[in-house]
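Since the structure comes first, as structure tokens, the remarks are kept for the end.
Below, read A as the first sequence line, B as the second, and so on, with proteins coming before strands; counting in each chain starts at 1.
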2 protein chains.
Amino acid sequence: MLPQQKLLALRPDADSSTPLYLQLGHKLAAAIHAGFWLADDPLPSERNLCEMLGVSRVTARKALDLLLADGLIIRRHGAGTYITPKLEQPLNKLTNLSEMLKQRGFTPGSRWLKREVALANAEEQLKLNLAANCKVSRLQRVRTANDVVMALEETALPFLLVPDPSLIGDSLYEYMRSVRLSVVRAIQNIAAINATEALSQLVDVAPGEAMLHLTRVGYLENGVVCELTHSYFRNDYYDFVVELHK
Amino acid sequence: MLPQQKLLALRPDADSSTPLYLQLGHKLAAAIHAGFWLADDPLPSERNLCEMLGVSRVTARKALDLLLADGLIIRRHGAGTYITPKLEQPLNKLTNLSEMLKQRGFTPGSRWLKREVALANAEEQLKLNLAANCKVSRLQRVRTANDVVMALEETALPFLLVPDPSLIGDSLYEYMRSVRLSVVRAIQNIAAINATEALSQLVDVAPGEAMLHLTRVGYLENGVVCELTHSYFRNDYYDFVVELHK
DNA sequence: AAGTGGTCTAGACCACGAA
DNA sequence: TCGTGGTCTAGACCACTTA
């Protein structure tokens, strides 16, 4: 197949409801992962791309911006745009743990320990921005990878947003999406702790063992806090990857 | 001061060598931090902004994109652009630890334990992509906050890039910049460990205490790996903040 | 000198939110 | 309905790299 013909397959659909730059970004990412271009090879120039794909240069560039943000490509001023030599796919994006584990080749699972409605405790009032008499839906579960306990997860959601926690199935993420509560931004704190006696029994490690304690506050699109989660990870089953940019 | 006059102060300098959208982005960020607009207040609309500031809408938008990436603003389609209610400044950017500590009100310091040139060990060969007989400059230091030991940091740099580690002063970051070696991308792994006997003495904690172990691989603009760092943080002095977006 | 990415413009149309 | 953000275009000039 000639290079020109390969490119033609990436043409975005102008009649689709998804923006051109997103379509193009996804197609390009897929092409890169499929080995469409060799590592250290230059991609077609922006001017070539937009001519072949029938979009403006601004749009092509915006698609490439997506790839850049994901670390898939590197731009060199005056020289060209290149595939990032080392392909890793770290998590800067908001993904759910299940997806993440699947990508790493594990089979995720979970077991509910608690699904209750209760008065918000002091921390929940503070972090979720609730009044003293407000209620929260509180969830507690152990999460597994290949049937081995990997983490304990405790989540608190404002009662007003999630009044019936028993409706939540295996995936909190799926449930939130189904009731139009989409977490678009989160702030996570990561600390190290020694497993307490209670914790060590739940996640099946020795007391005192070092674990990762992840505290996460999630925000809806309108900026409202909607989720407070504490996760306690066995360090031998999980380490957290962050990608940084200048 | 009238709103219009306030906005005029944000006009970028067209003759400056820094791009308009960067100038504007910085000015807007500064204005937000200075309390120029109240939280939950809408910013001027994009069309107003670009008219008042004498730039195109695309440029104004690109400046706002910067603020969005930093979590300073929230856009609501059809409604307007708003200051993010809760102002936090988490670290998705590539900052050096010193800057970070200063922002949190600590006085950073460090004490060198080792600055040597040696043959790359197995891990360094692998992570830094070096041949078996290659040398590395190896640095080890304890880092302090308000004169209390906070972390142990071990860095390996390819000898070809940094041949004389004794030239590195207090700030590795400053040194790298001075020799035109700018880390623009890094991948960090975070895990929890129990302090070993040796480690516990260096950072002044009890043996077995939970610590954060951060492994960081830094890349230059051209994609070359140039830095491998292991940091061991006392969890009572540091917890890592990550901001996530959809 | 030719080609590349980096920036910028003026103007257009669409989809969404609020009055 | 009107103003907002979201997308898109065609064309321009600059700065940089490579040969």
Side-chain angles (χ1 to χ4, degrees), chain A residues 11-26 28 37 40-69 72-84 180 182 184 220-224 246, chain B residues 11-26 28 37 40-69 72-84 180 182 184 220-223 245-246:
Chain A
R11 281 183 95 104
D13 174 13
D15 296 331
S16 161
S17 66
T18 41
L20 294 177
Y21 77 95
L22 281 181
Q23 289 182 56
L24 189 47
H26 292 146
L28 284 169
W37 296 282
D40 296 325
D41 259 18
L43 263 62
S45 76
E46 293 175 357
R47 287 167 182 83
N48 271 332
L49 266 184
C50 62
E51 189 186 346
M52 296 298 302
L53 301 175
V55 299
S56 76
R57 189 169 157 220
V58 178
T59 302
R61 234 182 114 72
K62 218 171 159 187
L64 291 174
D65 284 343
L66 296 175
L67 305 192
L68 189 71
L72 280 176
I73 59 170
I74 292 181
R75 284 190 176 126
R76 288 195 232 148
H77 191 172
T81 302
Y82 295 78
I83 309 286
T84 300
R180 301 276 188 285
S182 219
V184 299
L220 301 179
E221 195 157 18
N222 59 14
V224 169
K246 183 167 66 173
Chain B
R11 280 182 94 103
D13 174 12
D15 296 330
S16 161
S17 66
T18 42
L20 293 178
Y21 77 96
L22 281 181
Q23 288 182 58
L24 189 48
H26 292 146
L28 284 169
W37 295 281
D40 296 323
D41 257 18
L43 263 63
S45 76
E46 294 175 356
R47 286 167 183 82
N48 271 334
L49 266 186
C50 63
E51 190 186 349
M52 297 297 301
L53 301 174
V55 299
S56 74
R57 188 169 158 221
V58 178
T59 302
R61 230 181 120 73
K62 218 172 157 184
L64 291 174
D65 284 342
L66 296 175
L67 305 191
L68 188 71
L72 281 176
I73 59 169
I74 291 179
R75 285 192 176 125
R76 288 195 231 150
H77 193 172
T81 301
Y82 295 79
I83 309 285
T84 299
R180 302 275 188 290
S182 221
V184 298
L220 302 179
E221 195 157 16
N222 59 15
H245 295 279
K246 183 166 64 173

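- Here dC16(C) presents its C1' atom at 14 Å from CD of Glu46(B), a figure rounded to the nearest Å.
- When distances run from any side-chain atom of Ala79(A) to the nucleotides dT18(D), dG5(D), dG11(D), the shortest one goes to dT18(D).
- Between the CG atom of Leu24(B) and the P atom of dT9(C) there is a distance of 10 Å, rounded to whole Å.
- The nearest whole Å value for the distance from the CG atom in Leu64(A) to the P atom in dT4(C) is 13 Å.
- In the set dT4(C), dC8(C), dC16(C), dC8(C) carries the atom at the smallest distance from any side-chain atom of Leu20(B).
- The heavy-atom pair separating Gly25(B) from Leu66(B) by the smallest distance is CA-CD1, 4.2 Å.
- For Thr59(B), no side-chain nitrogen or oxygen approaches OP1 or OP2 of dT7(C) to under 4.0 Å.
- Considering only side-chain N and O atoms, Lys62(B) lies under 4.0 angstrom from the phosphate OP1 or OP2 of dT7(C).
- Under 3.5 Å, the side chain of Arg76(B) and the base of dG6(D) form no donor-acceptor pair of N or O atoms.
- In this structure, Ala63(A) and Leu28(A) approach most closely via the heavy-atom pair CB-CD1, 4.5 Å.
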What side-chain donor-acceptor pairs closer than 3.5 Å can you find for residues 16-23 of chain B, not counting sequence neighbours?
from: Ser16(B); atom 1: OG; to: Thr18(B); atom 2: N; distance (Å): 3.0
from: Ser16(B); atom 1: OG; to: Thr18(B); atom 2: OG1; distance (Å): 2.7
from: Gln23(B); atom 1: OE1; to: Asp13(B); atom 2: N; distance (Å): 2.7
from: Gln23(B); atom 1: NE2; to: Asp13(B); atom 2: O; distance (Å): 2.9
from: Gln23(B); atom 1: NE2; to: Thr18(B); atom 2: O; distance (Å): 2.8

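- Listed pair Ser45(A) / dG3(C) fails the phosphate criterion, with no side-chain N or O lying under 4.0 Å from OP1 or OP2.
- The side chain of Val55(A) approaches dT9(D) more closely than any other nucleotide in the set dC13(D), dT9(D), dC8(D).
- A heavy-atom distance below 4.5 Å is not found between the side chains of Trp37(B) and Ile73(B).
- For Arg57(B), taking side-chain heavy atoms from C-beta onward, the closest of the listed nucleotides dC8(D), dG6(D), dG6(C) is dG6(D).
- Set against dC8(D), dG5(D), dT9(C), the side chain of Arg61(B) has dG5(D) as its closest nucleotide.
- Taking the side chain as every heavy atom from C-beta outward, Leu64(B) and Arg75(B) approach each other to under 4.5 Å.
- Within the 4.0 Å cut-off from OP1 or OP2 of dC8(C), not a single side-chain nitrogen or oxygen of Tyr21(B) is found.
- Atoms NE2 (His77(B)) and P (dC16(C)) sit 7 Å apart, rounded to a whole Å.
- Between the OH atom of Tyr82(A) and the C1' atom of dG3(C) there is a distance of 11 Å, given to the nearest Å.
- Look at CZ on Arg75(A): it is 16 Å from P on dT17(D), rounded to the nearest Å.
- In this structure, Glu51(B) places its CD atom 15 Å from C1' of dT4(D), rounding to the nearest Å.
- Closest to the Ser56(B) side chain, of the nucleotides dT4(C), dC8(C), dG6(C), is dC8(C).
- To the nearest angstrom, C1' of dT7(D) lies 12 Å from CD of Gln23(A).
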